[in-house]
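First up is the structure itself, then whatever we jot down about it.
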Amino acid sequence: MKLDPKVERIIEWRESFTSLPDDYFFDVIHMYLGEIKTPYNKPKLVEDLSVILRKKENKETLVAYLDETDVKILTAVKFIPDVDIVKLEKFFVPAMEQGDLYEEIASLEERLIIYNRTDKVTGKVTIAINPHLEDELENILELGNLIAEEEKPAAEDMPAGIKLTPQIFAVFLSYVLSHPDFCKANGELKKKTDTDLKEICGIESTEIFSRLFMGMRNLVLLREMNDGKGWEIDWKRLESFCTLPFKSQAVYLCVAGAGIFTRRALVSNASFFASTLDFSKGKYFTKEKLFAVAFLLKEKNGDQDFTARRFSRIISGLDSEESAEHIGSAMIESMIDSAIAFGLMSVRGTTGKGSQLVFTETDFWQDIFSAEKKVLSVDTGYTVTILPGLSTAEYIPLVKFLDAVRCDITSNFEITRQSAIRAFDLGCSEDEIEELLSRYSSFPLPQNLKVSLDEWSQAYGSASLYKGYVLKLSEDNAYRAENNPIFSTHIREVLAPGVYLLDFTCDIEAQNVMKKSGIDVSGRIRGVQKEEEVQPLPPARSAAFTLDEAGQGKFRVDAANRNEILHGFKKFLEEMETTTDQKDGLLDRIARRIIIEKEQLRPASVKFELTEAFGMNFTGKVHVLESAIQKNCLVEIEITGKEGKFLGIPKGLVKNIDIPVVFLTVEDNDAKETIDLEIEIAKISRVKKIRNALSLRRTK
């Protein structure tokens with residue numbers, strides 16, 4: 001007989017609870033059922049616990065206890081596929097402190113609202129909502145709790161700035177060509193570059209160009225020169241890239257600016273980020289909610305690149321280097337910041353709580369190219385004025401001989417002797433330059449420009465310096481070589497009759513080709529690089545998946561009702577006969593919202609444990625640290641005279657020396673490795689043990 005799906009989930013919950021480690025199992029049982037008489041039967045104890053959860057008034061109390069953070073975490077558990085503590089950590093950190101998140105999850109576990117389920121096939125441990133509470137939480141846990149659209153601000157705050165357009169793209173390419181050493185060794189724009197680009201574009205910040213450089217560098221559209229003294233354009237890659245729709249170019253630049261990815265990961269990440277932009281198009285979100293949208297869409301895409309922080313792996317015993325981090329919260333935030341810098345999104349005021357409101361532009365996706373291509377004019381001073389309407393692909397051959405002067409609604413470039421020579425170096429001829437200008441101009445080119453181009457071309461051709469493999473053949477051999485299918489494909493340029501510049505990159509390649517072609521000669525001069533095949537990227541299309549209607553998050557926390565319930569339990573406790581330690585222990589359980597019925601207020605079930613110690617209480621601090629070491633728990637430490645908190649795992653304690661110390665393993669800022677600290681116990685102003693979430697102990 002096939003069981004009802006909810007009944008199956010309840011059976012799964014019982015089996016999961018029964019299989020808990022004994023220390024955790026009996027801690028929870030003591031809190032809800034009190035002392036246990038031996039012999040005991042675990043399934044019977046779990047059934048007794050189920051009786052408590054089936055009571056309507058207890059379910060109502062559990063729901064009344066929920067605060068805003070509870071609701072957000074439970075909503076994430078409901079909507080993130082195969083969710084575990086690793087994914088929750090990636091979703092909520094750094095918006096929520098890591099230690100606070102662990103405690104929140106531990107709280108939801110001991111309040112029996114969530115549990116760990118193990119897939120019987122894969123063995124993967126995920127987090128699920130207790131099936132006893134599914135019906136009560138169904139209408140509370142809607143996606144709007146995480147990503148509800150914000151209201152449109154009364155007065156939109158539109159910051160001054162520019163948007164990424166083919167014109168801006170062309171200005172940057174032109175500047176890179178004329179100033180290959182435009183950035184420092186660390187990738188930052190030089191001061192002169194910053195000043196020049198601000199003047200050319202009339203802007204206050206060059207962030208758009210910094211992010212454009214990062215994206216182009218990671219897409220290998222720009223590559224470092226062999227001598228390390230500047231950057232050069234990879235023209236084949238750039239030409240291939242610029243055949244994409246402009247929206248796709250912008251999305252790839254946002255994604256690539258966040259890091260270096262494999263081709264497969266790059267395409268996948270571009271897909272989910274395009275979906276993020278499309279989902280939020282024309283809407284107002286805070287940056288925090290935009291991150292949530294991006295995370296949820298990436299998870300729905302099926303990528304499992306969000307890996308554990310090292311704390312999660314250490315506690316679970318899985319400190320393996322195999323799980324290298326591919327993409328995390330910082331990378332998604334970088335993509336969003338790039339989208340804002342490029343003008344795909346814009347900041348439009350703030351919420352009542354001071355969070356920035358981000359609006360996803362709609363006009364960015366419209367066709368910005370003109371069908372009328374007569375958008376260019378050239379004056380007698382060799383200044384080229386270009387109106388909007390050209391695509392990035394159409395700008396590429398133009399920027400080879402144009403230097404950027406000014407960019408506004410129209411863009412102004414100039415042709416100089418140096419820019420023309422640059423174009424000749426890149427393989428452009430005088431005729432090609434004139435043809436390109438004439439193609440986009442409504443008027444004939446100035447005669448003096450034609451004369452100058454002719455003079456510059458003649459001067460350029462009067463003396464040429466080559467670097468590469470050169471082969472000189474007799475007249476008879478030259479005829480046969482040029483018609484040899486093996487040899488002819490390697491000819492880059494015919495320098496003179498029988499004299500060839502070849503594309504060999506090493507002596508071995510030169511010797512092999514010569515041998516195969518029947519020409520048994522070779523030479524060795526360094527410098528000629530063989531162009532590699534470029535596989536074009538696919539357009540960054542929104543994936544076939546999307547998010548369901550988010551709703552508006554109708555549930556509102558009723559703090560007054562929660563406080564009334566807690567006050568009732570405290571009043572009942574005041575009338576009971578207890579020791580000080582018992583009373584403190586029960587008050588702690590009330591504060592942690594574990595008490596849902598009066599029968600749980602049993603003094604005999606309390607085992608007092610110190611979890612936090614301060615200042616001069618040396619014995620208390622040692623007790624907290626020793627307990628954390630024994631149970632492999634995280635601790636949060638504040639040190640006198642230092643700002644911030646240290647979150648880590650205490651690995652050892654030495655107290656029988658002149659200066660007692662604790663050895664603490666903490667994460668570095670990038671969360672890529674851990675470091676060990678030696679902290680003097682006397683200098684600790686506060687130490688708090690973080691309750692070990694069962695989900696953290698079971699990380700896979």
Side-chain angles (χ1 to χ4, degrees), residues 3-66 70 73-74 77 103-118 120 125-138 140-141 562 565-566 568-569 572-573 582 585-586 588-607 609 691-698:
L3 295 175
D4 180 83
K6 184 174 180 179
V7 174
E8 289 183 341
R9 290 193 294 274
I10 290 175
I11 293 173
E12 179 188 69
W13 172 79
R14 289 184 180 180
E15 292 175 348
S16 173
F17 202 90
T18 304
S19 66
L20 290 176
D22 284 351
D23 61 336
Y24 189 91
F25 177 88
F26 288 111
D27 280 348
V28 174
I29 290 297
H30 286 151
M31 287 188 290
Y32 286 90
L33 299 180
E35 290 300 310
I36 303 168
K37 295 180 180 180
T38 56
Y40 58 82
N41 179 281
K42 273 192 172 184
K44 177 63 170 62
L45 293 174
V46 175
E47 170 57 28
D48 292 341
L49 195 60
S50 296
V51 172
I52 294 176
L53 291 176
R54 286 199 294 267
K55 294 179 180 179
K56 182 181 178 182
E57 58 272 24
N58 290 343
K59 292 182 180 181
E60 291 174 350
T61 299
L62 284 169
V63 172
Y65 276 164
L66 296 177
D70 294 332
I73 292 175
L74 292 173
V77 169
E103 281 210 299
E104 289 288 347
I105 294 172
S107 172
L108 289 168
E109 287 175 347
E110 67 183 8
R111 285 151 57 195
L112 305 179
I113 298 175
I114 60 174
Y115 73 103
N116 286 256
R117 61 178 303 273
T118 304
K120 294 180 180 179
V125 178
T126 56
I127 299 173
I129 293 172
N130 191 325
H132 287 98
L133 302 172
E134 285 178 353
D135 295 339
E136 286 70 25
L137 295 175
E138 177 64 29
I140 294 174
L141 306 182
R562 179 174 68 240
I565 296 172
L566 294 174
F569 287 130
F572 183 81
L573 178 60
Q582 289 173 336
L586 290 174
D588 179 62
R589 290 184 186 179
I590 293 173
R592 284 155 55 190
R593 292 167 286 171
I594 297 170
I595 306 300
I596 57 176
E597 58 180 11
K598 294 176 181 178
E599 287 75 11
Q600 290 177 257
L601 293 173
R602 303 179 181 91
S605 68
V606 173
K607 292 180 181 179
E609 180 184 10
R691 292 201 307 280
N692 232 353
L694 184 66
S695 303
L696 190 63
R697 294 163 65 179
R698 288 189 167 193

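Just so you know, these numbers come straight off a predicted model, no measurement behind them. Numbers here are sequence positions counted from 1.
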| Between Lys42 and Leu20, what is the shortest heavy-atom contact and its length? | NZ-O, 3.7 Å
| task | Please tell me if the side chains of Gln600 and Phe569 come closer than 4.5 Å, counting only heavy atoms from C-beta onward. | result | no
| task | Please examine the side chains of Ile596 and Leu112, heavy atoms only from C-beta on, and report whether any two atoms are closer than 4.5 Å. | result | no
| note | NE2 of His132 to NZ of Lys59, rounded to nearest 0.5 Å, is 7.0 Å
| Closest approach of Tyr115 to Glu12 (non-hydrogen atoms, all atoms of both residues) | OH-OE1, 2.8 Å
| request: Using the test salt bridge (Lys or Arg N to Asp or Glu O under 4.0 Å), find all partners of Glu609 that sit at least two apart in sequence or belong to another chain. | output: Lys631, Lys689
| field | Qualifying residues under salt bridge (Lys or Arg N to Asp or Glu O under 4.0 Å), relative to Glu104, sequence neighbours excluded | value | none
| note | Closest non-hydrogen contact found for Pro603 with Leu601 is CD-O, 3.5 Å
| Side chains of Phe572 and Ile595 in contact at under 4.5 Å (non-hydrogen atoms) | no
| field | Shortest non-hydrogen contact from Arg111 toward Arg592 | value | CD-O, 3.5 Å
| Within-4.5 Å side-chain heavy-atom neighbours: Leu66 and Leu74 | yes
| side-chain contact (heavy atoms from CB on, under 4.5 Å) partners for Val606, two or more places apart | Leu586, Arg589
| task | Report yes if some heavy atom in the side chain of Ser605 is under 4.5 Å from a heavy atom in the side chain of Tyr32; otherwise report no. | result | no
| Heavy-atom distance under 4.5 Å between the side chains of Thr118 and Val125, does that happen here? | yes
| Distance (rounded to the nearest 0.5 Å) between Thr126 OG1 and Asn116 CG | 7.5 Å
| note | CZ of Phe17 to CG of Leu49, rounded to nearest 0.5 Å, is 5.0 Å
| Atom CG of Leu108 and atom CD of Glu103: how far apart are they, to the nearest 0.5 Å? | 12.0 Å
| request: To the nearest 0.5 Å, tell me how far Ile113 CD1 sits from Ile127 CD1. | output: 13.0 Å
| message | Is the shortest side-chain heavy-atom distance between Leu566 and Tyr65 below 4.5 Å? | response | yes
| query | Nearest 0.5 Å, what's the CG-CD distance between Leu137 and Glu134? | reply | 8.5 Å
| task | Please report the closest heavy-atom contact between Arg593 and Asp70, naming both atoms and the distance. | result | NH1-OD2, 2.9 Å
| task | Could you give me the CA-CA distance, side-chain angles and deciding distance for Ser50 and Arg54, then say whether side chain to side chain donor-acceptor pair (under 3.5 Å) is met? | result | CA-CA 6 Å; Ser50 296; Arg54 286 199 294 267; 4.5 Å; no
| query | Is there side-chain contact between Glu57 and Glu597, with at least one heavy-atom pair below 4.5 Å? | reply | no
| task | Determine the minimum heavy-atom distance between Phe25 and Thr18, stating which atoms define it. | result | CE1-CA, 4.3 Å
| said: Does Lys6, at its NZ atom, have more than 12 non-hydrogen atoms belonging to other residues, nucleotides or ligands within less than 6.0 Å? | reply: yes
